[in-house]
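Scroll down for the structure; my scribbles are underneath it.
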Amino acid sequence: MLRERIREIGLVISNSEDLDCVEVLEDLIESAAEYIKDVNVLEGGILIAKYYKDGEDYRNYIEGLDKERTSAHNELIANVKIINRLCKKYNLSPIYNGDEEDRIAIANFGFELAKEIFSTRRI
């Protein structure tokens with residue numbers, strides 16, 4: 001489970017010289033959720049905005065939503081890479097085992113992470 005892996009990584013990093021880096025684990029969870037949200041907002045815009053926006057307004061609106069999605073995706077990718085580097089430094093297995101240059105695979109990882117965090121929430 002990803003939740004357990006994050007907890008394990010957090011424990012190791014919190015007892016190291018990189019204590020300030022432990023926050024990037026929280027950033028990873030937040031960036032995964034933000035990316036999923038931005039994908040949903042973009043898809044909702046594509047599906048519905050055409051009914052109330054015309055031509056260039058519609059294109060500009062969708063372009064803005066897509067830029068936000070891309071930015072969130074880039075942040076998710078950066079957080080995955082940072083955590084994988086920390087894992088390597090502390091001889092831990094990586095949080096993400098796939099190709100770090102495969103944007104779609106990292107997007108899918110972000111979805112799985114967000115889904116697991118949501119489905120195992122404590123409230």
Side-chain angles (χ1 to χ4, degrees):
M1 288 176 63
L2 291 169
R3 180 186 280 274
E4 275 304 309
R5 286 290 302 126
I6 289 170
R7 186 176 292 133
E8 292 167 10
I9 295 165
L11 180 63
V12 170
I13 294 172
S14 69
N15 292 311
S16 75
E17 63 192 39
D18 292 316
L19 174 60
D20 56 330
C21 292
V22 79
E23 291 177 6
V24 79
L25 292 164
E26 193 171 6
D27 293 343
L28 173 67
I29 294 168
E30 290 174 13
S31 64
E34 186 68 23
Y35 174 67
I36 299 308
K37 178 193 75 82
D38 286 349
V39 167
N40 285 332
V41 169
L42 173 61
E43 292 300 319
I46 291 169
L47 186 63
I48 302 300
K50 61 186 168 192
Y51 299 117
Y52 65 91
K53 293 188 180 288
D54 290 323
E56 190 168 336
D57 284 342
Y58 174 78
R59 283 187 297 279
N60 289 337
Y61 178 68
I62 297 303
E63 184 178 295
L65 294 178
D66 190 48
K67 284 181 183 177
E68 290 179 30
R69 180 204 55 82
T70 299
S71 178
H73 195 180
N74 290 341
E75 185 173 343
L76 172 62
I77 291 167
N79 287 330
V80 165
K81 289 179 177 183
I82 291 166
I83 293 170
N84 274 354
R85 282 195 305 271
L86 286 168
C87 288
K88 185 175 182 176
K89 178 177 181 177
Y90 291 101
N91 296 316
L92 300 169
S93 59
I95 190 73
Y96 171 72
N97 291 306
D99 178 0
E100 289 183 1
E101 302 307 316
D102 186 339
R103 294 180 64 84
I104 294 171
I106 292 180
N108 292 335
F109 167 81
F111 175 75
E112 292 302 322
L113 174 59
K115 183 173 76 172
E116 182 175 319
I117 294 298
F118 184 84
S119 67
T120 61
R121 66 192 179 278
R122 304 278 190 233
I123 58 170

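These numbers come from the heavy atoms of this one structure, side chains and all, not from hydrogens, waters or symmetry mates. Heads up: numbering here begins at 1 and tracks the sequence.
Ser71 contributes no side-chain N or O that, together with a main-chain N or O of Glu68, makes up a donor-acceptor pair within less than 3.5 Å. Between the side chain of Arg69 and the backbone N or O of Leu42, no donor-acceptor pair lies under 3.5 Å. The backbone N or O of Ile62 lies less than 3.5 Å from no partner atom in the side chain of Asp66, so there is not a single donor-acceptor pair.
Asp38 places none of its side-chain heavy atoms less than 4.5 Å from the side chain of Leu65. Inter-residue side-chain proximity for Arg7 and Leu11 is flagged as unmet; no heavy-atom pair is nearer than 4.5 Å. Looking at heavy atoms from C-beta onward, Ile46 lies out of side-chain contact with Tyr61 at the 4.5 angstrom threshold. Taking 4.5 Å as the limit, every side-chain heavy atom of Leu76 sits out of range of all side-chain heavy atoms of Leu113. Looking at Asn84 and Glu100, their side chains come closer than 4.5 Å, going by heavy atoms from C-beta outward. The closest side-chain heavy-atom distance from Val39 to Ile36 is not below 4.5 Å. A 4.5 Å side-chain heavy-atom check between Glu101 and Ile106 finds every atom pair outside the cut-off. By the 4.5 Å heavy-atom criterion applied to side chains, Leu2 and Phe109 are counted as neighbours.
A pairwise comparison of heavy atoms in Ala105 and Tyr96 identifies CB-OH, 3.1 Å as the closest pair. Across all non-hydrogen atoms, the minimal contact from Tyr35 to Ala72 is CA-CB, 3.8 Å. Across all non-hydrogen atoms, the minimal contact from Ser93 to Cys87 is O-SG, 3.6 Å. Of all non-hydrogen atoms in Ala32 and Gly110, the two that sit nearest each other are CB-O, 3.5 Å.
Going from atom CZ of Arg85 over to atom SG of Cys21 covers 9.5 Å, rounded to the nearest 0.5 Å. One distance of note links CG of Asn79 with CD of Glu23; it measures 12.0 Å at 0.5 Å rounding. Once rounded to the nearest 0.5 Å, the distance linking CD of Glu116 with CZ of Arg5 reads 11.5 Å. Atom-to-atom distance recorded for Ile29:CD1 and Ile117:CD1 is 4.0 Å, nearest 0.5 angstrom. Atom CD1 of residue Ile95 and atom CG of residue Leu28 lie 6.5 Å apart, to the nearest 0.5 angstrom. The CG atom of Leu92 lies 6.0 Å from the CD1 atom of Ile9; values are rounded to the nearest 0.5 Å.
Heavy-atom contacts from other residues, nucleotides or ligands closer than 6.0 Å to CG of Leu19 number more than 12. Environment of OH in Tyr52: crowded, with over 12 heavy atoms of neighbouring residues, nucleotides or ligands closer than 6.0 Å. Heavy atoms from other residues, nucleotides or ligands lying under 6.0 Å from CD of Glu26 number 12 at most. Other residues, nucleotides and ligands place more than 12 heavy atoms under 6.0 Å from the CD atom of Glu8. Within 6.0 Å of NZ in Lys89 there are more than 12 heavy atoms belonging to other residues, nucleotides or ligands. The 12-atom threshold is exceeded at CG of Asp99, counting heavy atoms of other residues, nucleotides or ligands nearer than 6.0 Å.
The cluster map of Ile, Leu, Val, Met, Phe, Trp and Tyr, joined by side-chain heavy atoms under 4.5 Å apart, puts Tyr90 and Leu25 in the same cluster.
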Take Asp27 and Ile82, measure what side-chain contact (heavy atoms from CB on, under 4.5 Å) needs, and give me the verdict at the end. CA-CA 11 Å; Asp27 293 343; Ile82 291 166; over 6 Å; no

Walk me through it: do Arg103 and Thr70 pass the test side-chain contact (heavy atoms from CB on, under 4.5 Å)? CA-CA 10 Å; Arg103 294 180 64 84; Thr70 299; 4.2 Å; yes

